[in-house]
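The next block holds one structure in the form of structure tokens; read it before the comments.
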Number of protein chains: 2
Amino acid sequence: MNDSRSQAADEAQGDDGAAGIPRYVPLYVQIKRLLTQGLQAGEWKPGEAIPSEVELARRYGVSQGTVRKAIDELAAENLVVRRQGRGTFVATHHEARTQFRFLRLLPDDKGGEELGSRIIECRRLRAPVEVARILGLRAGEAVVCIRRVLDLQGQPTVLDEIWLPGARFRGLTAERLAAYSGPLYGLFEREFGTRMIRATERIKAVAADAATAELLGIDVGAPLLQVERVSSTYDDVAVEFRRGLYDTRRHHYFNELS
Amino acid sequence: MNDSRSQAADEAQGDDGAAGIPRYVPLYVQIKRLLTQGLQAGEWKPGEAIPSEVELARRYGVSQGTVRKAIDELAAENLVVRRQGRGTFVATHHEARTQFRFLRLLPDDKGGEELGSRIIECRRLRAPVEVARILGLRAGEAVVCIRRVLDLQGQPTVLDEIWLPGARFRGLTAERLAAYSGPLYGLFEREFGTRMIRATERIKAVAADAATAELLGIDVGAPLLQVERVSSTYDDVAVEFRRGLYDTRRHHYFNELS
DNA sequence: AAGTGGTCTAGACCACTTT
DNA sequence: AAGTGGTCTAGACCACTTC
């Protein structure tokens, strides 16, 4: 090999044996970190190709197999998409493929998946304590709160309440939302440089209150699926809290266990 | 290499170019299939070690790297568990680790996870049409239906209705269930040679009916999470249909999106 | 010390896409 | 034809576990 290897290789190597800190970090993990940092820094934009495996191997002074293993893991985490013969591309929310990765609601009977969105409000306010805690903000810091209704197959089906850190989403207004069609995560990615990577959801069954019943056109007290989602970007920083109320009379939340 | 390679390699190679049928099947995929067949046939029992990578490479006449890639995928699908320095083991439902892979219900506030089970009934009957369809049986074929209540932290929280194909679960009785403590999937695996591998769930919010309300100690009409699960073994044959009703006042269903 | 999985390399060749 | 990801090999060495 080439001497430039030591630049990459020795860098993260010096971890000591303190509790929980691994003594040896495999080379491919170090390469993976470097690539993740590049993605986070926007060195390669969503939808664009990253350098080829051969090029990266040369650049970092490691073998192609090592780069390959690093990219394999990035692909498994959906940070990147491999396309044989073409290259490896930064994942993006502007794709049909990614649409149903986060909204896991399907019609009970096969049918079209027409999806309409109606913004009810979008305002900036001081973070309630619970939201501040979840988003890692100080109580009272600025947040954006969006409320909207999603229509599936012509029926109002989802009422979403979305909380975002105000600093990161400066300039997000109702007008800007209205001017955009498509998944919100696409907007966040393109306009605010914030790409949602991972999310955890907590799901409950709740009874509809009066305001919700009105918006979804259902009875007060009707059972609704409540989906609370915390989404995060690279390095697992939480940047969105979303509470969705789903009318599941004609749709269902689907999940694969494996 | 060794000539025995051709035995494994040429076997699945002859696929023609018909619609959707891949022309070339990589070697490691063929090895993976052979291993899966071995698992399915019970050549290595749950909890036991499969042969070492070197041994398998020798046996199939391929390189260790190829065997390794095959096993990597089996591990990713949770069919097998790798333990460095010890070997690769057939996954089993008799492990703390696997408990919460299928029952994804957690207490809202950190607390113990005591789990009690009470069988309400277990009877054999002719399959209702819907159940028959899901399990791939002819209408009227024998099925086993189990109903039970799960207590979480001392509170009745889950009402399960479980449907199994009668032929595969011959000899499953209420007494046998009562004599067993632990996850049902452990019993199915040990006593009936049926290991649940994958499952898909459809989740809705529903209102409690009178019978359910009685059993869970809640009000009629209270919102409940309805989780319908279809579980399958190797080769994706559906072998269980389960409808669970969860009281989510103090617990939630959790999910990771990545 | 011996055996297992885990990492890394260097190089060959294949399948696929674009030029 | 050239470039990309995908497969496969052979061999070295490392980390971890057991004997």
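All chains are named by letter (A, B, ...) in the order of the sequence lines, taking the proteins before the strands, and each is independently numbered beginning at 1.
- C/dA15 atom P lies 12 Å from atom CG of B/Leu27, rounded to whole Å.
- Note on B/Arg86: every side-chain N or O is 4.0 Å or more away from OP1 and OP2 of D/dC16.
- To the nearest 0.5 Å, the span separating CD1 on A/Ile146 from CG on A/Leu177 amounts to 4.5 Å.
- The closest donor-acceptor contact from the side chain of B/His94 to the backbone of B/Pro46 lies at 3.5 Å or more, if one exists at all.
- In this structure, B/Arg83 reaches the sugar-phosphate backbone alone: every heavy-atom distance under 4.0 Å involves primed, P, OP1 or OP2 atoms, never a base.
- For B/Tyr28, whose side chain is taken as the heavy atoms from C-beta onward, the closest listed nucleotide among D/dA15, C/dT7, D/dT7 is D/dT7.
- Rounded to an integer number of Å, the gap from B/Gln64 CD to C/dG5 C1' is 8 Å.
- Rounding to the nearest 0.5 Å gives a distance of 6.5 Å between CD of A/Glu240 and CZ of A/Arg229.
- The nearest whole Å value for the distance from the CD atom in A/Gln84 to the P atom in C/dA15 is 9 Å.
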Q. So what is the 5' to 3' dot-bracket string for DNA chain D, if pairs are Watson-Crick or G-U wobble with both distances under 3.5 Å, crossing pairs use [ ] and | means the partner sits on another strand?
A. ||||||||||||||||||.
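- Look at A/Ser52 and you'll find a side-chain N or O under 4.0 angstrom from OP1 or OP2 of D/dT4.
- Remark: B/Arg68 is in phosphate contact with C/dG6, judged by side-chain N or O atoms under 4.0 Å from OP1 or OP2.
- Contact check, B/Thr88 against C/dG5: a side-chain N or O comes under 4.0 Å of OP1 or OP2.
- To the nearest angstrom, C1' of C/dG5 lies 11 Å from CZ of B/Phe89.
- Side chain of A/Tyr24, nearest nucleotide from D/dC8, C/dC8, D/dA15: D/dA15.
- Atom CD of A/Glu55 and atom C1' of D/dT4 are 13 Å apart (whole Å).
- Here the straight-line distance linking atom CZ of A/Arg190 with atom CZ of A/Arg195 works out to 12.5 Å at 0.5 Å rounding.
- Within the model, atoms CZ of B/Arg243 and CD of B/Glu201 stand 13.5 Å from one another, a figure rounded to the nearest 0.5 Å.
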(Q) Between B/His93 and B/Phe188, does the ring-ring contact (aromatic ring centres under 6.0 Å, His included) criterion hold? Intermediate values first, please. (A) CA-CA 9 Å; B/His93 286 287; B/Phe188 297 166; 9.1 Å; no
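- Set against C/dC8, D/dT7, D/dG5, the side chain of B/Lys69 has D/dT7 as its closest nucleotide.
- Note: NZ (B/Lys32) to C1' (D/dT7) measures 15 Å, nearest angstrom.
- Separating the CG atom of A/Leu56 from the P atom of D/dG3 is a distance of 16 Å, rounded to the nearest angstrom.
- Atom pair B/Asp72:CG and C/dG6:C1' shows a separation of 10 Å (rounding to whole Å applied).
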Q: Could you please spell out the steps behind the side chain to side chain contact (heavy atoms under 4.5 Å, CB included) verdict for B/Phe89 and B/Arg83?
A: CA-CA 8 Å; B/Phe89 298 79; B/Arg83 293 185 222 210; 3.7 Å; yes
